[in-house]
Asks: 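Right, I'll just put the structure down here and ask away after.
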Amino acid sequence: MNQPTNALVVSTGAAPVAKRPSGQRWPKIWGPRMWKLLALVAVLFVYRLWVVKHSGISLFFDEAQYWDWSKHLAWGYFSKPPLIAGLIWLSTALFGSGVLGVKAIVMLLYPATALSMVGLARALWPTSSGVRTGMVAGALFMTIPMVGLMGMFASTDAPLILCWTLASWTLWRAQVTNRMSHWVLLGVVCGIGLMGKYTMAAFALTAVWTLWAVHGPERGVFRLGPWVAAIIALALLSPNLIWNAQNGFPTMQHTVELTAQSDRSGGIMATLVFLAGQVLMLGPLAVIAGLWLFKRTPAPSNPNTAPTSQWASSSQMMPPSQWKHSTQAQPSSQPGATADGTPAKRPVVRNSAYYLASVSSYRYLWAVSLPLQIVAIVQALYADAHVNWAAPSMVGFTLLIASRLSQPLVPLASPRPTGWLVAVLATNLVLTSVTLHLRDIVGPTLTSKLDVLVRMRGWQEAFADLAPELEDPVVTGLPVLTDSRLLITEAAYHWRRYNVKTLAWNPKSQRQDHYEMTRSLPNKVGADVLLLTSNPKPDEITKRFAIIRPLKSTKIAVGPDRNVEMHLFFLRGFLGYDQKSYLEQSGADKPDTTLDGQ
């Protein structure tokens with residue numbers, strides 16, 4: 001029976017750092033279980049690609065907007081930092097600008113997150129059974145309804161969740177080893193996460209708790225490592241901060257308005273709906289299984305003592321180098337036993353291998369998830385919250401549930417609740433598949449409220465119906481003016497082969513979205529445009545042009561109670577947004593002095 005050797009803590013006047021003892025190594029990841037996980041990940045990824053193709057959906061309007069951003073790369077945009085635009089730029093460069101080409105790279109981030117969870121689990125529980133727990137977590141993550149649905153779209157949540165997982169991994173390693181390389185890596189991951197979505201800033205709550213609550217060579221902020229991580233993260237974010245400063249801080253203002261100044265009403269009911277959404281994101285049976293198995297799993301009677309054989313199973317590797325021996329009692333060369341034959345126990349301290357793996361690791365996973373959940377719940381109570389706002393918290397919750405479905409600190413041969421595991425995975429897959437294919441099951445009579453893909457349907461057909469009008473030599477090359485962000489993004493994408501220039505109707509000179517900020521129709525008399533609108537009688541717009549010619553209308557049914565309806569007009573001679581502008585620019589407000597000189 002192998003016993004863990006104690007790690008030494010080296011101090012040479014600098015910050016104490018855990019030194020790897022000889023003979024210690026990480027438990028192996030590659031093997032039959034990893035290949036099974038990779039096979040599951042690949043099958044689910046290919047299945048989701050097939051669903052996108054089979055369903056005939058186009059881009060969600062947020063995706064179309066991100067695609068449009070990717071054609072005009074910058075260090076920032078009105079509502080988001082630039083990472084999503086960069087990812088889509090890379091994806092389209094590799095796979096083309098088709099629907100799958102836009103989505104591909106971002107969709108791949110969910111499998112990357114599942115595999116990263118294996119590494120996080122191995123860091124928390126450095127045993128072979130701990131690696132198996134990580135693989136269960138990766139499989140569970142790929143099947144939860146949140147990933148089953150969001151995994152088909154190119155959204156800012158995909159890089160955020162991946163960076164949250166990697167940050168959780170690197171923060172744990174940085175804290176329990178205090179090695180500068182881990183702090184540097186933590187700063188890089190957090191900086192990239194912030195460039196994807198400002199929600200990454202909430203990880204600071206997890207980090208602050210960890211710096212004091214997880215025992216390592218040092219605790220607290222009075223050391224170099226945490227500050228190096230913070231400086232690196234801010235340095236990576238700085239191009240976006242500079243862009244915001246140059247443009248009046250639109251992204252930060254948008255974030256504040258979306259949360260603290262939301263015009264939606266919160267309350268108890270909104271909070272209950274949000275919490276129900278969190279359960280659905282994980283899968284109802286997964287939550288039930290986690291709670292039931294947690295209740296049935298006996299807690300250690302005294303976490304301050306550990307059996308000498310805790311790490312001794314021949315099927316498990318030695319605990320790795322993060323363990324500091326400190327005042328831990330030295331183990332004997334052979335497992336001890338008491339007079340009644342039970343394994344002898346030895347005292348441990350909170351920076352020991354046993355305590356970190358059996359106690360601190362679980363508390364850490366709660367800290368990875370709960371702070372963001374609490375922030376989102378307060379937001380839901382105050383002004384409502386979207387169900388995906390706390391999506392990164394699913395990482396910690398998934399690992400906690402996986403640790404009940406496959407315990408990390410037991411011999412590999414120990415019995416597991418395999419029935420629960422199979423039932424959870426199968427239920428999640430069935431729930432997600434039925435949700436995605438409900439229209440195929442029920443038929444076109446399915447009400448739009450039950451069709452989760454309805455908002456992506458009909459756009460390709462509608463724009464294809466109107467496209468021949470753009471080939472008329474009279475209107476070829478004219479900018480396309482729209483009165484909504486939805487239409488301006490969808491027009492930019494679906495008419496991309498015409499390389500259309502899109503403009504936003506903005507008579508009040510507002511800055512409420514990216515297009516009002518960057519592509520408003522200039523208040524300059526004389527412009528000719530194509531107007532694309534869902535309003536069959538857009539009098540507020542057409543009255544400001546000298547000549548109006550309707551070109552074509554289209555109406556595509558995407559459900560029994562929903563249509564994609566658009567109308568295309570040729571407008572000549574812009575008169576300005578108001579009469580004052582027209583009079584000033586046309587000179588009609590100036591007195592005629594020609595007769596005075598005669």
Side-chain angles (χ1 to χ4, degrees), residues 37-77 79-117 119 138 141-142 147-166 188-189 191-197 200 236 239-240 243 391 436 453 456 459-460 463-464 489-500 502 514:
L37 175 61
L38 288 173
L40 175 65
V41 166
V43 168
L44 290 177
F45 178 72
V46 171
Y47 163 72
R48 284 157 192 163
L49 292 176
W50 175 83
V51 170
V52 172
K53 192 71 174 177
H54 167 74
S55 62
I57 61 173
S58 183
L59 299 182
F60 188 56
F61 83 93
D62 276 345
E63 293 177 295
Q65 176 177 248
Y66 302 150
W67 173 87
D68 194 25
W69 291 357
S70 75
K71 300 305 175 184
H72 308 86
L73 291 177
W75 284 114
Y77 303 92
S79 59
K80 297 291 188 297
L83 180 59
I84 186 65
L87 290 171
I88 291 178
W89 174 86
L90 176 61
S91 190
T92 54
L94 294 174
F95 306 113
S97 291
V99 173
L100 289 177
V102 173
K103 295 172 179 283
I105 292 292
V106 182
M107 288 178 65
L108 279 169
L109 299 185
Y110 288 99
T113 301
L115 298 179
S116 298
M117 294 176 79
F141 178 79
M142 285 298 294
V147 176
L149 299 177
M150 291 171 53
M152 294 169 48
F153 301 102
S155 73
T156 55
D157 289 311
L160 172 66
I161 295 171
L162 174 59
C163 288
W164 195 278
T165 306
L166 294 174
V188 170
V189 171
I192 295 173
L194 287 168
M195 288 292 273
K197 197 172 185 179
M200 190 71 204
L236 290 174
N240 178 251
W243 180 91
L436 291 174
L453 303 178
M456 285 74 76
W459 293 106
Q460 297 185 65
F463 279 98
T489 58
E490 296 290 359
Y493 177 73
H494 289 95
W495 283 344
R496 61 191 180 277
R497 74 184 183 96
Y498 297 102
N499 197 29
V500 297
T502 52
H514 178 76

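All values reported here derive from a predicted model rather than from experimental measurement.
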Asks: CE/Met117 to CG/Leu166 distance, rounded to the nearest 0.5 angstrom?
Replies: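 The distance works out to 11.5 Å.
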Asks: Between Thr165 and Ser116, which heavy-atom pair has the shortest distance, and what is it?
Replies: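 Minimum heavy-atom contact is CG2-CB, 3.9 Å.
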Asks: With sequence neighbours left out, write down each residue that passes side chain to side chain contact (heavy atoms under 4.5 Å, CB included) with Trp89, or none if nothing qualifies.
Replies: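 So Trp89 forms a side chain to side chain contact (heavy atoms under 4.5 Å, CB included) with Ser70, Leu73.
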Asks: Measuring from atom CG of Leu83 to atom CD1 of Ile88, what distance do you get when rounded to the nearest 0.5 angstrom?
Replies: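 Going from CG on Leu83 over to CD1 on Ile88, the span is 10.0 Å.
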Asks: Is a donor on one side and an acceptor on the other found under 3.5 Å between the side chain of Ser91 and the backbone of Leu87?
Replies: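 Pair absent, no side-chain N/O of Ser91 close to backbone of Leu87.
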Asks: I need the minimum non-hydrogen distance between Pro81 and Gly196, along with the two atoms involved.
Replies: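 Heavy-atom minimum between the residues: CD-O, 3.8 Å.
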Asks: How long is the straight-line distance from CH2 of Trp67 back to CD of Glu490, given to the nearest 0.5 Å?
Replies: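 Here the interatomic distance stands at 11.0 Å.
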Asks: Test Met456 against Leu59 for side-chain contact (heavy atoms from CB on, under 4.5 Å), laying out the working first.
Replies: CA-CA 6 Å; Met456 285 74 76; Leu59 299 182; over 6 Å; no
Asks: Can you confirm whether Trp75 is buried at CH2, in the sense that more than 12 heavy atoms of other residues, nucleotides or ligands lie under 6.0 Å from that atom?
Replies: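 For Trp75, atom CH2 is not crowded (no more than 12 foreign heavy atoms under 6.0 Å).
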Asks: Could you check if a side-chain atom of Ser79 sits within less than 4.5 angstrom of a side-chain atom of Gln65, using non-hydrogen atoms only?
Replies: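 They are in contact (side-chain heavy atoms under 4.5 Å apart), so the answer is yes.
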Asks: Could you work out, with ring-ring contact (aromatic ring centres under 6.0 Å, His included) as the rule, every residue matching Trp69, not counting sequence neighbours?
Replies: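 For Trp69 the ring-ring contact (aromatic ring centres under 6.0 Å, His included) partners, ignoring immediate neighbours, are Tyr66, Tyr77, His514.
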Asks: What's the shortest heavy-atom distance between Ile161 and Ala391, and which atoms?
Replies: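 That would be CD1-CB, 4.0 Å.
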Asks: Is there a side-chain contact (heavy atoms from CB on, under 4.5 Å) between Leu37 and Leu115 once you walk through the steps?
Replies: CA-CA 8 Å; Leu37 175 61; Leu115 298 179; 4.0 Å; yes
Asks: Closest heavy-atom contact between Ser155 and Pro159?
Replies: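 That would be O-CD, 3.4 Å.
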Asks: Kindly determine whether Arg48 and Met142 satisfy side-chain contact (heavy atoms from CB on, under 4.5 Å), including the steps that lead there.
Replies: CA-CA 11 Å; Arg48 284 157 192 163; Met142 285 298 294; 3.4 Å; yes
Asks: Report yes or no: does Arg496 contribute a side-chain atom to a donor-acceptor pair with the main-chain N or O of Tyr493 at less than 3.5 Å?
Replies: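 Checking the backbone N and O of Tyr493 against the side chain of Arg496, a donor-acceptor pair under 3.5 Å is found.
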Asks: Once you round to the nearest 0.5 Å, how far does CZ of Phe60 lie from CH2 of Trp459?
Replies: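 Spacing of CZ (Phe60) from CH2 (Trp459) equals 10.5 Å.
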Asks: Kindly compute the distance separating CG (Leu160) from CE (Met200), expressed to the nearest 0.5 Å.
Replies: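 CE of Met200 is found 7.0 Å from CG of Leu160.
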Asks: Do Tyr47 and Leu436 come within less than 4.5 Å of each other through their side chains, counting heavy atoms only?
Replies: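 In contact.
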Asks: Does His54 reach the main-chain N or O of Trp50 with its side chain, forming a donor-acceptor pair under 3.5 Å?
Replies: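 Flag not set: sc His54 to bb Trp50 has no pair under 3.5 Å.
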Asks: Working to the nearest 0.5 Å, report the span between CZ of Phe153 and CG of Asp62.
Replies: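 Between atom CZ of Phe153 and atom CG of Asp62 there are 11.0 Å.
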Asks: Which heavy atom in Pro82 sits nearest to a heavy atom in Gly76, and how many Å separate them?
Replies: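 Residues Pro82 and Gly76, closest heavy atoms: CB-N, 4.1 Å.
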Asks: What side-chain donor-acceptor pairs closer than 3.5 Å can you find for residues 93-110, not counting sequence neighbours?
Replies:
unit_1, atom_1, unit_2, atom_2, d
Lys103, NZ, Glu63, OE1, 3.0
Lys103, NZ, Glu63, OE2, 2.7
Lys103, NZ, Met152, O, 3.0

